[in-house]
Amino acid sequence: MFITTVQNLKEKLGEKNIFLSDEEITNLEEVTKKYPLRISDYYFSLIEEKGDVIWNQCIPRIEELNSEFGNEDPLNEENEIPFLTHRYPDRCLLLISNTCAMYCRFCTRKRKVGEVVKNPTRKGIEKALNYIENHKEIRDVILSGGDPLLLSVETLERILIDLRKIEHIEMIRIGTRVPCTMPERITDKLCEMLKRHNKNPILYINTHFEHPKEITKESKKACEKLIDIGIPLGNQSIILKDVNNKPEIFKELNRKLLSIGVKPYYLYQPDLVKGTSHFIGNVKEGLDIIQGLRGHTSGMAVPHFVIDAPGGGGKIPILPNYTKLQKNGNVKMKNYEGKDFKYNFKN
Ligand code: SF4
């Protein structure tokens, strides 16, 4: 079901007629001592050749050990309440799993994923739930990890039941990469459970597709099953070198996402995570992607481009320069073709 060892990876690649050199094997062994390897059989099946966009997301690279750059916890998520980050006034992040269907090589929580010993305990989650109960200003809880949908259906249901008892919670969001990396995990049993809990408060799911090649008949079916039980779906993507850092890739990805019922929601400049520098380009790439989308395709295909400010400053929107505010409150504007316009309400 999962590839987790270098030996197993080597054998599976051999079945695809892809072969690793001795140096590549040594490098893989070195990297996986620090950052574990895990690839679902499904996601692995999408690899066509060495170094393709699927490969680059799931196969460890020696650059991960270049430790000069970045921070283990760039967003300052670790704090006195384990598994919980309360950064914004009315919402909080609850990390309920350290396990994923695949350990993405660029993950912001690279420091945690795969560390089974640090998996949230029931006691730890209860403490976090108590905190939420005592903070009546929290109306939106985001369940993340790792991947919440890697928990057993029963464990996830217990957390949802507990959360639904807290009266001031208005919505629960689940962040998951499962529809993309292990679509068969969206089982009838899971959907029936989610459906039972998709009211008071309502559930949302934000998934995580990075490239049009990930939109397959299997991932489409997984999304359809979630839509069928009434859960709105959004998508978060990260701009990644050698994967998707071009406007035309996002145009295709976001159109395909909309066609399967998933609204592109956030586009992230990568966090400055230790072990991921080889994925990170400059911010201009993101601005170019947004300019390549805005006006050139449906507005619904244009996500919010944000930087999650290093050190825990929260998400900050980054916008191409379309407007110039005048002293009288009016604006001079450029449209998507670069043509000038004015909006003058008062002179
Ligand atoms: S699925 Fe999400 S949490 Fe898990 S490794 Fe990938 S990016 Fe990180």
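When a ligand or atom number is given, it counts from 1 through the structure's own listing order.
- Atoms of ligand 1 lying under 4.0 Å from any heavy atom of G146, numbered from 1 in the order shown and given with element: 3 (S).
- The protein heavy atom nearest to atom 8 (Fe) of ligand 1 is C107 SG, 2.3 Å.
- Taking 2.8 Å as the criterion, C104 does not count as a coordinating residue of atom 4 (Fe) of ligand 1, since none of its N, O or S atoms falls below it.
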Check your understanding: Given the rule in the side-chain contact (heavy atoms from CB on, under 4.5 Å) test, do I215 and L257 qualify, once you have shown the distances and angles that lead to the verdict?
Key -> CA-CA 8 Å; I215 314 281; L257 284 169; 3.6 Å; yes

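- Remark: distances from the non-hydrogen atoms of K110 to ligand 1 are all 4.0 Å or more.
- Each of the atoms 1 (S) of ligand 1 lies under 4.0 Å from some heavy atom of R177.
- The protein non-hydrogen atom at the shortest distance from atom 4 (Fe) of ligand 1 is C100 SG, 2.3 Å.
- Residues Y42 and T216 have side chains that bring a donor and an acceptor to within less than 3.5 angstrom of each other.
- Electrostatic pairing of K221 and E184 does not count as a salt bridge here, judged by no charged N lying under 4.0 Å from a carboxylate O.
- Of the N and O atoms on the side chains of R109 and S144, at least one donor lies less than 3.5 Å from an acceptor on the other residue.
- Using a 3.5 Å distance cut-off with no hydrogens or angles, the side chains of Y131 and H86 do pair a donor with an acceptor.
- Atom 2 (Fe) of ligand 1 lies below 4.0 Å from none of the non-hydrogen atoms of the protein.
- Side-chain contact of T207 with N235: a donor-acceptor pair under 3.5 Å is absent, judged by distance alone.
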